[in-house]
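Keep in mind the model is a prediction, meaning the values are calculated, not measured. First listed ligand is number 1; within each ligand, the first listed atom is number 1.
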Amino acid sequence: MHHSDLAFCPIGIFDSGVGGLTVMRQVMKALPHEDIVYFGDTARLPYGNKGQETVMRYCLENVSFLLEKKVKMVIVACNTATAFALDHLRQSFSIPILGVIESGAQKAVENTKTGCIAVLGTRGTIQSGAYQKALQQADPYLTVVPISCPLFVPLVEEGMGEHPATEMIIREYLRELRDYPVDTILLGCTHYPLLYHQIQTIVGNEITLVDSATTCAGKVAELLQYETLMNNQGNSLPQYQYYVSDDPVKFQELGERVFGHYLEQVGLQV
Ligand code: DGL
């Protein structure tokens, strides 16, 4: 394909399930002329409790699927997948591939004044050390407090964000923050922005919560500009397609709740 035609190809986004829609929403806002193909690997979610080899294998398949849809770039909208597989994906495919960790880390570093940042993520993301590494690369003098919060994803997916049990669990996970001068909490998982208010209420307004979705959308725009892959044809409505590896109806219901948009065209890809 000629390079100038590539600009009309869609952006590919994948996540283990619905969570990556929080990233997609920001990309839609920042780049309203871009078509997007979203893949949610709902048959194999969650990624957060699995090991690196497994997640890497899933990610290779996900990118291969998106390439069949002729995407011009891929956003790995899942923190666990970024933590475990981004480097490997970049070595394996020639199209540009962007993860979410660098964006979130950058935003946290820009925000902190005390130099003490807490990172919340799935077990896999925290164990990989990817956020700790990204943060300390940006500023080696930072103190990073990593906390894995494996119960947050199921609580959000079960619609229990407002439940008192969730409040108790947030308090339990964040207990150790008291021992550190943390002024910034990085929400290092697709689902955690959906617990934003609950976490903010518990930690108080002195602490800022940051997530990677907005910064990531900005980076997508920069990358497309740099690679001359931006679709500047503003005269047609963008097309959004969604594919999942299991249960499109559940994805649609949960996705609409999480995302606040109508999701048309959810296809099954097995
Ligand atoms: N998307 C995952 C992440 O951002 C959370 C859900 C899962 O564990 O698959 O880490």
Ligand-side contact atoms (ligand 1) for residue partner D15, heavy atom cut-off under 4.0 Å: 1 (N)
Measure centre to centre between the rings of F152 and Y192, then say whether the value is under 6.0 Å. yes
In the protein, what heavy atom is nearest to atom 10 (O) of ligand 1, and what distance, to one decimal place, separates them? T80 OG1, 2.6 Å
Pull out every atom of ligand 1 sitting under 4.0 Å from any heavy atom of P46, numbered as shown with elements. 7 (C), 8 (O), 9 (O)
Regarding D183 and T112, is there a side-chain donor-to-acceptor distance under 3.5 Å anywhere? yes
Side-chain ion pair, E34 and K72, N-O less than 4.0 Å: yes
Output yes when E167 and R171 qualify as a salt bridge under the 4.0 Å nitrogen-oxygen rule, no when they do not. yes
So which bit of S16 gets within less than 4.0 Å of ligand 1, heavy atoms only: side chain, backbone, both or neither? side chain
For T215 and D211, the nearest pair of non-hydrogen atoms, with its separation, is OG1-O, 4.1 Å
Heavy-atom contact check, 4.0 Å cutoff: does L45 meet ligand 1? no
So which heavy atom in the protein is nearest atom 8 (O) of ligand 1, and how far is it from that ligand atom? G48 N, 2.8 Å
Regarding D15 and Y47, is there a side-chain donor-to-acceptor distance under 3.5 Å anywhere? no
Out of N79, V23, V18, T125, indicate the one that has the non-hydrogen atom closest to atom 3 (C) of ligand 1. N79
Contact partition for N49 relative to ligand 1, non-hydrogen atoms under 4.0 Å: neither
Ligand 1 contact by C189, heavy-atom criterion under 4.0 angstrom: yes
Side chains of S245 and D41: donor-acceptor distance under 3.5 Å anywhere? yes
Of all protein heavy atoms, the one nearest atom 2 (C) of ligand 1 is C78 SG, 3.4 Å
Pair Y243 and F65, ring centroids less than 6.0 Å apart: yes
Enumerate the atoms of ligand 1 whose separation from the nearest heavy atom of Y47 is less than 4.0 angstrom. 7 (C), 8 (O), 9 (O)
